[in-house]
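Read through the structure below, which is laid out as structure tokens, and then see the notes.
Chain letters run A, B, ... following the sequence lines, proteins first, then strands; residues in each count from 1. Note that the structure is a prediction, hence the values are computed from the model and not measured.
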2 protein chains.
Amino acid sequence: MIENKKDTSEYPNGIKWTKQRKRVYQILDEATQPLSAAQIYSRLDSEEQEKYAISTIYRILAVFEELRLTDKTNWMGDGRIVYELHRTGHTHYAVCLDCHRRIPLEQCPLHMNACQLHDSQAEDFVVVSHKIELYGYCKDCRAKHMD
Amino acid sequence: MIENKKDTSEYPNGIKWTKQRKRVYQILDEATQPLSAAQIYSRLDSEEQEKYAISTIYRILAVFEELRLTDKTNWMGDGRIVYELHRTGHTHYAVCLDCHRRIPLEQCPLHMNACQLHDSQAEDFVVVSHKIELYGYCKDCRAKHMD
DNA sequence: ATCAGTGCAAACGATTTGCACCTCG
DNA sequence: CGAGGTGCAAATCGTTTGCACTGAT
């Protein structure tokens, strides 16, 4: 069997690394913020014969989540589920209530991964992960309303 | 005009306090955790002629949110939107990844309401509110899987 | 009496699924 | 070659909306 290098340095074991999956992975990788399935779909180039079925996108995202490649979130806002690569640990966002921009936070305001929770209501609850979202107004939007 | 006391001690001004609204409010008030529209609907007693239209439930919940009577949330989990009365400030939950139970936390693990955020990525972002959800495994579910 | 609130059914948008075909390994 | 992946269209689910009727104030 001929030894040939794979063009993508890192990808999960045990699944077929099809052009569709490559592309969805690439789009998520290039994204600066979490994307919905529809947003991923719309970033496919129709001129390049790239309009893979939207159901395929959903199935790929399901597989990615199964493999812990992505994080899935649906928060306040437009109600759609958004996906992002599960990069270096977790990410939280500051969400502007005006322009709906999601600003990723550099650091986590809470340090309690995989720990025992000390709260009288949730005794013996073992925390595996957490999500935080801060709501407020970004610099630009505050300026906009300052008149 | 005859002065007559209202049977419900507290309710919002300016809206008709119909039996449907009373009942939805009561269900939310009795609930120990946030409920989805469908869950509220299913708690109506069909024997009591109480099966108000599901669309009515949604509309009532929309009004309640407008009046700041309730908080609306859709996080990780089953994808449905859940509602709870906007009681004494904000509440956070520990969500069991196994049984999906939502355990309200006694205290907020984060103290940063209405403050300036100090994060290099979100400079000059003014935080109005925040949501936190902890994911993990509750006592019962951990016991279940311990064999 | 009036107009907001309701019920019903139909519309809607996001997500899922069944099935035949295709393609990676 | 064969199992797994995909495309397409139809189904499903939660939620929203149009319209005629009802009931709280």
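Straight-line distance from the CG atom of A/Leu44 to the C1' atom of D/dG7: 13 Å, rounded to whole Å. Distance B/Tyr41 OH to D/dT15 P: 14 Å, rounded to the nearest Å. Between B/Leu61 atom CG and D/dT16 atom P the separation is 9 Å, expressed in whole Å. Distance, B/Lys22 NZ to D/dG23 P: 14 Å, rounded to whole Å. If you measure from atom CD of B/Gln39 to atom C1' of D/dT15, you get 15 Å, rounded to the nearest angstrom. In this structure, B/Arg23 atom CZ and D/dG23 atom P are separated by 19 Å, rounded to whole Å.
Here the shortest heavy-atom pairing between B/Leu28 and B/Tyr83 reads CD2-O, 3.6 Å. Smallest separation of non-hydrogen atoms from A/Leu61 and A/Thr70: O-OG1, 4.1 Å. Scanning both residues, A/Leu44 and A/Tyr52, for their nearest heavy atoms gives CD1-N, 3.6 Å. For the pair B/Lys51 and B/Ser42, the tightest heavy-atom approach, listed with the atom from each and the gap, is NZ-CA, 3.7 Å.
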Could you encode protein contacts along nucleotides 2-9 of chain C as a string, one character per nucleotide from 5' to 3', using B for base contact, S for sugar-phosphate-only contact and - for no contact, with a heavy-atom cut-off of under 4.0 Å? -BBSBBBB
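Heavy atoms from other residues, nucleotides or ligands lying under 6.0 Å from CD of A/Glu65 number more than 12.
Regarding contacts with the backbone of D/dT16, every side-chain N or O of B/Tyr58 stays at 4.0 angstrom or more from both OP1 and OP2.
The side-chain hydrogen bond (donor to acceptor under 3.5 Å, both in side chains) search around B/Glu50 returns B/Arg23, not counting sequence neighbours.
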